[in-house]
Amino acid sequence: MVLGYLNGIRYPTYDGPITDVDSNDIICNGGPNPLVTPYSQTVIDVPAGATVQAEWHHVLQPNGYNSADSADPVDPGHLGPTIAYLAKVPDATQTDVTGLGWFKIQEDGFDGTTWGVTRMYNAKGLHTIKIPSCIPPGNYFLRAEMIALHGASSYPGAQFYMECAQINITGGGSVQPSTVSFPGAYHGTDPGVKINIYYPAVTNYTIPGPAVFTCPGSSGSSTTTKTSSTTSKAWIRGHYASHAKHLTFSLGLR
């Protein structure tokens, strides 16, 4: 079922990064990139344990990946991690995103050879995120993020790009993950925020934020591989403005 562009997504009118980790804009964007209002009233149903995909693109393009644009889905020099968080909320259409408890559900950093953003680039913009199977049902914000570290040798310099989707998790369990706050989860002195990725050569990268939450008895949390076993898909897309630098946000149930 295609739900259409912009439904269920908080999206900005401008494509710039957030660079201040102590700003409320680090939560779901905004500030220098004002969010379009009124917000969508769509809440996207996602089964617990499902895999969803955020879809990143260089500019607004309803047809997805543009092979003619070498900077689609992102300039390949924007090296860094991809990350995803959830925050449980009473109502995913609520205006306020401050004061929430966030837990990390995915991260893909640097494996000694390749960055997470590069893997996303090679996947034509797809950022794969597994929803934990054990968390309580209900409304959540899903925060997908990419950090570009090409200018991160001083602070502020790292570029944070994020969108928040409004989702309703169905099924699930009763495990309550430990949470962190935004702002607060990142600091300008964190080794994953302030880093020269060119010299000396990076051999180990510490992704900012908490450890990835995993359900009891489960393992792993990084980007998963697309499969073809799904019997249905629901795509929900949100776009930046016409000069959008990075995110065409799509959620596809796998």
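For reference, positions follow the sequence shown, starting with 1.
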Worksheet item: Do the side chain of Asp72 and the main chain of Asp69 share a donor and acceptor less than 3.5 angstrom apart?
Response: no
Practice prompt. Please examine the side chains of Leu100 and Thr98, heavy atoms only from C-beta on, and report whether any two atoms are closer than 4.5 Å.
Written response: no
Discussion item. Looking at Tyr39 and Gln94, would you say the former's side chain and the latter's main chain have a donor-acceptor pair under 3.5 Å?
Written reply: no
Response to the item:
Note: Pro216 and Cys134 closest approach over all heavy atoms is CD-SG, 4.0 Å
Fill in: Ser181 side chain to Pro183 backbone, donor-acceptor under 3.5 Å
no
Worksheet item: Under a 4.5 Å cut-off applied to non-hydrogen side-chain atoms, are Gln159 and His78 in contact?
Response: yes
Worksheet item: Once the angle between the rings of Trp115 and Tyr205 is folded into 0 to 90°, is it parallel (under 30°), tilted (30 to 60°) or perpendicular (over 60°)?
Response: perpendicular
Discussion item. Can you give me the closest heavy-atom contact between Ala84 and Ile129, atom names plus distance?
Written reply: CB-CD1, 3.7 Å
Worksheet item: Under the 3.5 angstrom rule, does the side chain of Thr19 hit a backbone N or O of Gly157 as a donor-acceptor pair?
Response: no
Worksheet item: Has the side chain of Arg10 got a donor or acceptor atom that lies under 3.5 Å from a matching backbone atom of Glu163?
Response: no
Worksheet item: Do you know which two heavy atoms are closest between Phe141 and Ala92, and how far apart they sit?
Response: CE2-O, 3.1 Å
Practice prompt. Might you point out which heavy atoms bring Val193 and Ala158 nearest each other, and give the distance in Å?
Written response: O-CB, 3.5 Å
Worksheet item: Of the options Val21, Asn29, Asp20, which is the one that meets Phe160 in a side chain to side chain contact (heavy atoms under 4.5 Å, CB included)?
Response: Val21
Discussion item. Can you tell whether the side chains of Arg119 and Asp111 come within less than 4.0 Å, N to carboxylate O?
Written reply: yes
Worksheet item: With a distance cut-off below 6.0 Å to the six-membered ring centre and an angular limit of 45° from the axis, does Lys194 pair with Tyr155 as a cation-pi contact?
Response: no
Discussion item. For Pro81 versus Val117, what's the shortest heavy-atom pair and its separation?
Written reply: O-CG2, 3.8 Å
Worksheet item: Counting distance only, does the side-chain N/O of Asp91 pair as donor-acceptor with the main-chain N or O of Thr93 below 3.5 Å?
Response: yes
Worksheet item: For the residue pair Pro210 and Tyr85, what are the closest heavy atoms and their distance?
Response: CD-OH, 3.7 Å
Practice prompt. Return yes if some donor-acceptor pair links the side-chain N/O of Gln166 with the main-chain N/O of Gln41 below 3.5 Å, else return no.
Written response: no
Discussion item. Please check: side-chain N/O of Ser40 versus main-chain N/O of Gly8, any donor-acceptor pairing under 3.5 Å?
Written reply: yes
